[in-house]
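Values below: all heavy atoms of this structure, side chains included; hydrogens, waters and symmetry mates excluded. Every chain is numbered from 1 and lettered A, B, ... according to where its sequence line falls, protein lines coming before strand lines.
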Amino acid sequence: MDFIAILSIFVLACFVGYYVVWSVTPALHTPLMAVTNAISSVIIVGALIAAAAAGEAVSKWLGLLAVVLASVNIFGGFAVTARMLAMYKKKERPVAAKK
Amino acid sequence: MEHTAPVNPWVALAYLIAGICFILALRGLSSPESSRRGNRFGMIGMGIAIITTLVTHVPLGGLSGAHGPAIALHGDFVDLVTAGEILVAIAIGATIGLTIARRIQMTAMPQLVAAFHSLVGLAAVLVAGAAFLNPGAFGIAEAGVIFVQSRIEMGLGVAIGAITFSGSIIAFAKLNGNMSGKPILLPGRHILNLGVLAAILALVAYFTQDQAPWIFWTITVLAFAIGFLLIIPIGGADMPVVVSMLNSYSGWAAAAMGFTLHNTAMIITGALVGSSGAILSYIMCRAMNRSFISVIAGGFGAEDAGG
């Protein structure tokens with residue numbers, strides 16, 4: 001793929017990211033941060049490619065280590081977001097009732 | 001551009017679907033009703049991205065990724081152990097991640113997110129290191145000479161990854177109480193920071209002329225240092241904003257590595273995370289009535305934030 005095509009994808013995705021979170025409710029700031037964090041572990045794709053690449057043994061081990069780190073983040077990140085959202089739902093009702 | 005790799009359309013399509021799932025995840029997390037569905041979309045997207053990469057890149061016996069994009073797998077080297085190793089690595093990570101997620105106190109959430117960011121940053125550094133040490137396998141070099149464009153992307157990727165790593169470690173230590181939440185103000189820190197940043201950029205520029213290992217690793221070390229220097233002057237009260245900002249950095253690091261590896265999943269997702277993380281930190285600043293610039297520049301508003 002040529003550079004301009006890749007750059008176009010990148011720039012358009014930046015704009016999507018810019019517009020998509022503006023309306024977030026303050027109570028969801030932390031869960032949103034947690035889910036964004038989990039999503040940023042897409043770096044695992046690069047780690048998998050490195051781990052699967054033939055040739056240099058060192059770079060393969062670096063890749064495997066990166067796979068471990070990114071998997072901690074993926075599973076931990078989504079699980080923690082789910083936990084927070086479950087809590088948010090329970091807390092929501094009394095707050096709404098007070099208003 | 002010197003290098004154009006054949007792209008498997010199915011892979012590109014799968015990565016596009018993963019990207020859409022991530023957009024829906026971010027959108028979903030913006031309102032309480034759709035938040036759980038959003039989280040589920042995130043998981044689905046990540047699952048698609050991982051499985052697609054595994055299927056196309058792992059040399060599984062006869063299916064040795066003949067049409068893997070950008071990767072020229074050496075025909076004489078098919079490692080059957082690789083698939084097993086990768087699955088074990090994912091399993092180890094999953095076990096650690098799920099255990100932490102289950103045990104962690106709800107009040108410790110911000111520092112946990114900071115700790116997780118440091119992992120992404122370190123992973124980005126490792127991937128960049130792997131690409132630098134073994135460029136042939138990533139299709140970014142010819143006869144051991146790495147393409148100039150790839151050198152820039154790699155240099156920036158490793159720098160942003162390293163900043164994310166060390167910055168997140170400091171943010172974690174401050175939030176967790178391992179380190180005082182008070183801003184640490186070094187004399188002449190703005191000049192020092194600008195100097196280190198300029199040195200990193202200069203080295204990235206020099207890296208395009210000479211691919212000597214010392215340049216690559218010096219960039220890495222300087223970036224670790226600047227991550228540390230940028231975060232220590234920021235007070236504990238501003239840390240949530242910093243964590244969100246570091247989140248944005250981790251996205252840019254992933255996008256830079258995506259450019260290096262010509263991988264659209266990493267580019268789309270990295271850009272999404274990078275820009276939405278930046279906006280989220282701006283929104284958080286506004287909610288706290290803090291000036292975005294002064295939080296990020298570090299320590300300008302330290303007097304009223306310290307405590």
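- Listed for the B:N247 side chain is a donor-acceptor partner under 3.5 Å among the backbone atoms of A:M33.
- B:N39 places a side-chain N or O within donor-acceptor distance of the main-chain N or O of A:F78, the cut-off being under 3.5 Å.
- Between chain B and the options A:L62, A:V24, A:N37, heavy-atom pairs under 4.5 Å are most frequent for A:N37.
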query: Could you walk me through whether B:E153 and A:F3 pass the side-chain contact (heavy atoms from CB on, under 4.5 Å) check?
result: CA-CA 12 Å; B:E153 294 156 356; A:F3 182 71; 3.9 Å; yes

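- When heavy atoms are compared at a cutoff of 4.5 Å, B:F132 does not approach chain A at all.
- In terms of non-hydrogen atom pairs under 4.5 Å with chain B, the most contact-rich of A:A79, A:A38, A:G46 is A:G46.
- Contact annotation for B:R103: only backbone heavy atoms (N, CA, C, O) come within less than 4.5 Å of a heavy atom of chain A.
- Checked by atom type and distance alone, the side chain of A:R83 pairs as donor or acceptor with a backbone atom of B:R102 at under 3.5 Å.
- At distances below 3.5 Å, not a single donor-acceptor pair connects side-chain atoms of B:S276 with backbone N or O atoms of A:T36.
- At distances below 3.5 Å, at least one donor-acceptor pair connects side-chain atoms of B:S275 with backbone N or O atoms of A:C14.
- B:M257 touches chain A through its side chain: at least one heavy atom from C-beta onward sits under 4.5 Å away, while N, CA, C and O do not.
- Aromatic ring orientation, A:F10 versus B:F259: perpendicular (interplanar angle above 60°, classes split at 30° and 60°).
- In terms of heavy-atom pairs under 4.5 angstrom with chain B, the leader among A:S41, A:P31, A:S40, A:S23 is A:S40.
- For chain B, the nearby parts of A:L7 are the backbone and the side chain; heavy atoms of each come within less than 4.5 Å.
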